[in-house]
S.K.: 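The structure under discussion is supplied below as structure tokens; questions concerning it will follow.
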Amino acid sequence: RLSKNAVTADYLYYSTANPWLQVRLLRLLQSFPVPADTTHRSRLNEVLTKIITHTEVTKSVNKNNADHSILFEAVNLIIKHGNDSDPQLRGQAVQLLGRFLRVKEPNIKYL
């Protein structure tokens, strides 16, 4: 579990626990099908829900870029799983994408 309380300061980037590793792991998960085991599937949904609901915009551009890269990979994973993903999670991902399309920040639109 990557949280700022579970890692040393060496692994924090603007209070985000190792965003590069989180992005890589989310990309790796896109290579696999949705877990067949309900325990694994519910845990994955918990993590994705936490990423989607707890990512906030701050005044720090660097923190926003790190957090948004994690957020976009989480959305990509949900989209990759398609109809096999949790319907509520898909709905949240679609709302999030719509919100990002309305943002004027060019870095967000590029992602």
Side-chain angles (χ1 to χ4, degrees):
R1 178 175 167 200
L2 292 176
S3 70
K4 63 182 174 184
N5 298 331
V7 298
T8 64
D10 296 339
Y11 295 101
L12 293 178
Y13 180 77
Y14 289 91
S15 301
T16 300
N18 205 342
W20 303 278
L21 180 59
Q22 292 186 60
V23 166
R24 288 289 188 191
L25 290 173
L26 288 166
R27 282 186 187 166
L28 179 66
L29 286 172
Q30 292 175 29
S31 302
F32 298 98
V34 178
D37 181 31
T38 57
T39 305
H40 292 128
R41 183 181 298 182
S42 67
R43 182 65 182 134
L44 178 60
N45 287 339
E46 286 175 30
V47 171
L48 293 172
T49 300
K50 184 176 180 181
I51 291 171
I52 288 178
T53 58
H54 289 86
T55 302
E56 298 176 3
V57 176
T58 64
K59 292 186 179 191
S60 171
V61 174
N62 292 329
K63 178 166 177 46
N64 282 339
N65 289 341
D67 290 347
H68 286 133
S69 64
I70 296 167
L71 185 61
F72 280 116
E73 288 304 324
V75 169
N76 282 338
L77 179 59
I78 295 166
I79 291 169
K80 175 75 173 166
H81 286 170
N83 290 334
D84 293 332
S85 64
D86 180 37
Q88 183 178 1
L89 205 52
R90 276 196 321 263
Q92 288 175 324
V94 168
Q95 287 177 350
L96 191 62
L97 287 174
R99 191 173 74 202
F100 281 129
L101 289 175
R102 291 187 298 268
V103 172
K104 293 180 182 179
E105 173 67 34
N107 287 337
I108 300 297
K109 287 186 178 184
Y110 176 75
L111 288 174

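Note that the coordinates shown come from a computational prediction; the quantities given were computed from them, not determined experimentally. Index from 1, following the sequence.
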S.K.: For a quick check under 3.5 Å, do T55 and D67 share a side-chain donor-acceptor pair by atom type?
M.R.: no

S.K.: Membership question, hydrophobic clusters at under 4.5 Å side-chain separation (ILVMFWY): are I79 and F72 in the same one?
M.R.: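 They do share one cluster, since a chain of ILVMFWY contacts under 4.5 Å joins F72 to I79.
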
S.K.: Do the side-chain N and O atoms of E73 and Q22 include a donor-acceptor pair separated by under 3.5 angstrom?
M.R.: no

S.K.: To the nearest 0.5 Å, what is the distance between CG on L29 and CG on N76?
M.R.: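 Between L29 CG and N76 CG, I get 12.5 Å after rounding to 0.5 Å.
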
S.K.: Hey, is CD on E46 packed in by over 12 heavy atoms from elsewhere, all under 6.0 Å?
M.R.: yes

S.K.: Show your reasoning for whether side-chain contact (heavy atoms from CB on, under 4.5 Å) applies to L26 and L48.
M.R.: CA-CA 10 Å; L26 288 166; L48 293 172; 4.1 Å; yes

S.K.: Taking side chain to side chain donor-acceptor pair (under 3.5 Å) as the definition, give me every residue that meets it alongside Q92, ordered by chain and number, with sequence neighbours left out.
M.R.: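 Q92 satisfies side chain to side chain donor-acceptor pair (under 3.5 Å) with no residue once adjacent residues are dropped.
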
S.K.: Can you tell me how far apart NZ (K80) and CZ (R27) are? Round to the nearest 0.5 Å.
M.R.: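 Spacing of NZ (K80) from CZ (R27) equals 14.0 Å.
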
S.K.: Could you check whether any side-chain N or O of R90 sits under 3.5 Å from a backbone N or O of G82, counting only pairs where one atom can act as donor and the other as acceptor?
M.R.: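 Looks like yes, one N/O pair under 3.5 Å.
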
S.K.: Which heavy atom of L44 sits nearest a heavy atom of P35, and at what distance?
M.R.: CD2-CD, 4.0 Å

S.K.: According to a hydrophobic-cluster definition based on side-chain heavy atoms being under 4.5 Å apart (Ile, Leu, Val, Met, Phe, Trp, Tyr only), do L28 and V47 belong together?
M.R.: no

S.K.: Could you work out, with side chain to side chain contact (heavy atoms under 4.5 Å, CB included) as the rule, every residue matching D37, not counting sequence neighbours?
M.R.: T39, H40

S.K.: So if you build clusters from Ile, Leu, Val, Met, Phe, Trp, Tyr with side-chain heavy-atom gaps below 4.5 Å, do V23 and L97 land together?
M.R.: yes

S.K.: Do you know the tightest heavy-atom contact between I78 and S85?
M.R.: O-OG, 3.6 Å

S.K.: If you group Ile, Leu, Val, Met, Phe, Trp and Tyr by side-chain heavy-atom gaps below 4.5 Å, do I52 and I70 land in one group?
M.R.: yes

S.K.: Could you tell me the separation between the CG atom of N64 and the CG atom of L71, rounded to the nearest 0.5 Å?
M.R.: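 The CG atom of L71 is 11.0 Å from CG of N64, to the nearest 0.5 Å.
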
S.K.: For K63, look at atom NZ and say whether over 12 heavy atoms of other residues, nucleotides or ligands are found less than 6.0 Å away.
M.R.: yes

